Amino acid sequence: MARVRFIGPEPVTVPELGGRSVQPDEVVEVPDHRYDGYVCQSSTWEPVDEPREPEPLVRKAVAARAAKEREV
């Protein structure tokens, strides 16, 4: 899971996080696939820990890139 900090001035309710209230300056975990949806709102959220690429997907991408380079 990725982590973001809420930098807004007042508490907010975040439906995606189960309807929980997030306080100013609070760090929360968000699903990796939704991280960009938070940090693109730079006046409200700031990045803390970026999402990690799942290990198997990284290996698969590296293997695919190497195979493609061999074809050229």
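Keep in mind the model is a prediction, meaning the values are calculated, not measured.
- Shortest non-hydrogen contact noted between Pro9 and Pro24 is O-CG, 3.6 Å.
- Scanning all heavy atoms of the two residues, the minimum distance from Asp25 to Arg5 falls at OD1-CD, 3.1 Å.
- The CE atom of Met1 sits 9.5 Å away from atom NE2 of His33, with the distance rounded to the nearest 0.5 Å.
- Its side chain within the 4.5 Å cluster rule, Val27 clusters with Val48 among the Ile, Leu, Val, Met, Phe, Trp and Tyr residues.
- Annotation for Ser43 and Ile7: closest pair O-CG1, 3.8 Å, computed over non-hydrogen atoms.
- Linking ILVMFWY side-chain heavy atoms closer than 4.5 Å, directly or via other members, places Val12 and Val30 in a single hydrophobic cluster.
- Here salt bridge (charged side-chain N to carboxylate O under 4.0 Å, His left out) pairs that include residues 11-21, with residues two or more places apart or in two chains, are Glu16-Arg34, Arg20-Glu26.
- Considering only residues two or more places apart in sequence or on other chains, Ser21 meets the side chain to side chain contact (heavy atoms under 4.5 Å, CB included) condition with Pro11, Gln23.
- Considering all non-hydrogen atoms of both residues, Leu17 and Glu29 come closest at CD2-O, 3.6 Å.
- Every residue two or more places apart in sequence or in another chain was checked for a side chain to side chain donor-acceptor pair (under 3.5 Å) with Asp36, and none qualifies.
- For the ring pair (Phe, Tyr, Trp, His ring centres under 6.0 Å) test, residues two or more places apart in sequence or in another chain that qualify with Phe6 are Trp45.
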